Amino acid sequence: MTSHPTTNVPPAPPNAASNMTLDSYRFPSHRLRRQQQEPGRIPLVLVACGSFSPITFLHLRMFEMANDYARMNTNFEVVGGYLSPVSDAYKKAGLAPSNHRVRMCELAAEETSNWLMVDPWEAIQREYSPTAAVLDHFEHEINGVLGGILSADGESRRPVKIMLLAGADLISTMSTPGVWAENDLDHILGSFGAMIVERSGTDMEDALAYLKPWEENIYVIQQMIQNDVSSTKIRLLLKRDLSITYLIPSPVIQYITENRLYMDDDAKSKDKQPTSK
Ligand SMILES: Nc1ncnc2c1ncn2[C@@H]1O[C@H](COP(=O)(O)OP(=O)(O)OP(=O)(O)O)[C@@H](O)[C@H]1O
Ligand SMILES: NC(=O)c1ccc[n+]([C@@H]2O[C@H](COP(=O)(O)O)[C@@H](O)[C@H]2O)c1
């Protein structure tokens, strides 16, 4: 008995993020709002950096929570949201090959949302890109190459604020010596800013204590419905041959099944070919 979908995952279109290489890379902007809808607000793009091995509903929920938070509590207008999977050079335990992680993020974004996108730029780099460099890349693409966004009255162009979207566990690593360069912290939290989703197991006050100099640029989002699904727990269930249905999007489950991901520790490093199914 299975509640998994039985149809095959569709192949990615040729111009999809998951088919891009360093040579063919183009910044995905198909869902980026090109004109503001609300005059007087500051246009905002949210960028979530992470392993996404695999992507879960909580990763997707973070964007919805941040969008609600921005609308209700700030003067920002969210005009786009990006998932930026880390490159294979990160070498974290449980990291499936980047082509698979990008495709899973793409399936999740395309199938469950009308505003989220996946940027494969970080994932396809041979070297690891620190988060500050990833945010610089978004700044360059959105405000440099695309020239920002058209104002609501259509009469001028405005720069878009780029902000990191992360869970509290990530922000708590910022006070761990040696994990983040001091300059990078200042660049991320001083120039860009961050929206932080609380996470059980992380004390928000402790996590923020070290980050006082930048507190005006840090927005803390409480989860009204606690969800502590994590990629680690999903991988654990898969290894034990237990169901992951209703924890991650069904096309992603289907993709994992078809590509036999997370079956054992070797599987992640062996199959580096993009799926052609
Ligand atoms: N349950 C959760 N609550 C709040 N934030 C979360 C949750 N799960 C993931 N995040 C955040 O999502 C971002 C991407 O994280 P990542 O892909 O490393 O996910 P993860 O589920 O924590 O992974 P792993 O279990 O492999 O360490 C991070 O900023 C992380 O803090
Ligand atoms: N120095 C840095 O820029 C730095 C340090 C730790 C984590 N990160 C980023 O945070 C994200 C999540 O990392 P973890 O899965 O290790 O929590 C990744 O995208 C990673 O690149 C960046």
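Owing to the predicted nature of the structure, the values given are computational and were not obtained by experimental measurement. Whatever order the structure lists them in is the order used to number ligands and atoms, beginning at 1. Every heavy atom of this structure was used, including side-chain atoms; hydrogens, water molecules and symmetry mates were not.
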What part of S51, side chain, backbone, both or neither, has a heavy atom within less than 4.0 angstrom of ligand 2?
side chain
Pull out every atom of ligand 1 sitting under 4.0 Å from any heavy atom of N227, numbered as shown with elements.
1 (N)
Identity and distance of the protein heavy atom lying nearest atom 21 (O) of ligand 1
S231 N, 2.9 Å
Between L165 and ligand 1, does any nitrogen or oxygen pair lie at a separation below 3.5 Å?
no
State whether the number of non-hydrogen atoms from other residues, nucleotides or ligands found under 6.0 Å of D241 atom CG is greater than 12.
no
Under 4.5 Å between side-chain heavy atoms, hopping through other hydrophobics if needed: is there a path connecting I162 to Y219?
no
Can you report which non-hydrogen protein atom sits closest to atom 27 (O) of ligand 1, along with the distance?
K92 NZ, 2.9 Å
Under 4.0 Å from any heavy atom of V229, which atoms of ligand 1 are there?
1 (N), 8 (N)
What I want to know is whether P130 and ligand 2 share at least one N or O pair that is separated by under 3.5 angstrom.
no
Just which atoms of ligand 1 are under 4.0 Å from any heavy atom in R235?
26 (O)
Is E106 salt-bridged to R103, going by a charged N under 4.0 Å from an acidic O?
yes
Per-atom filter on ligand 1: closer than 4.0 angstrom to a heavy atom of A166 are 29 (O)
Distance from atom 11 (C) of ligand 2 to nearest protein heavy atom, with residue and atom:
C49 O, 3.7 Å
Return yes when atom CD of Q226 has more than 12 non-hydrogen atoms of other residues, nucleotides or ligands closer than 6.0 Å, and no otherwise.
yes
What's the shortest distance from atom 18 (C) of ligand 2 to any protein heavy atom, and which residue and atom give it?
G50 CA, 3.9 Å
Using heavy-atom distances only, which candidate in A194, G167, S51 approaches atom 5 (N) of ligand 1 most closely?
G167
Once you restrict to heavy atoms under 4.0 Å, what part of V179 touches ligand 2? Side chain, backbone, both or neither.
both
Can you tell me if C49 contacts ligand 1 (heavy atom of the residue under 4.0 Å from the ligand)?
yes
Considering only protein heavy atoms, which is closest to atom 16 (O) of ligand 2, and at what distance to one decimal place?
Y90 OH, 2.5 Å
Near V86, which atoms of ligand 2 are under 4.0 Å from a heavy atom of that residue?
21 (O)
Distance under 4.0 Å to a non-hydrogen atom of Q223: what atoms of ligand 1 satisfy this?
3 (N), 4 (C)
Closest protein heavy atom to atom 24 (P) of ligand 1, given as residue, atom name and distance to 0.1 Å:
T232 OG1, 3.2 Å
Contact (N/O only, under 3.5 Å) between L170 and ligand 2
no
Hey, is ligand 2 close enough to K92 that some N/O pair sits below 3.5 Å?
yes
Quick one: look up the protein heavy atom nearest atom 21 (O) of ligand 2 and list residue, atom name and how far away it is.
Y128 OH, 2.7 Å
How close does the nearest protein non-hydrogen atom get to atom 3 (O) of ligand 2, and which residue and atom is it?
T131 N, 2.9 Å
Test item: D169 and T173 side chains (from C-beta on) under 4.5 Å apart, heavy atoms:
no
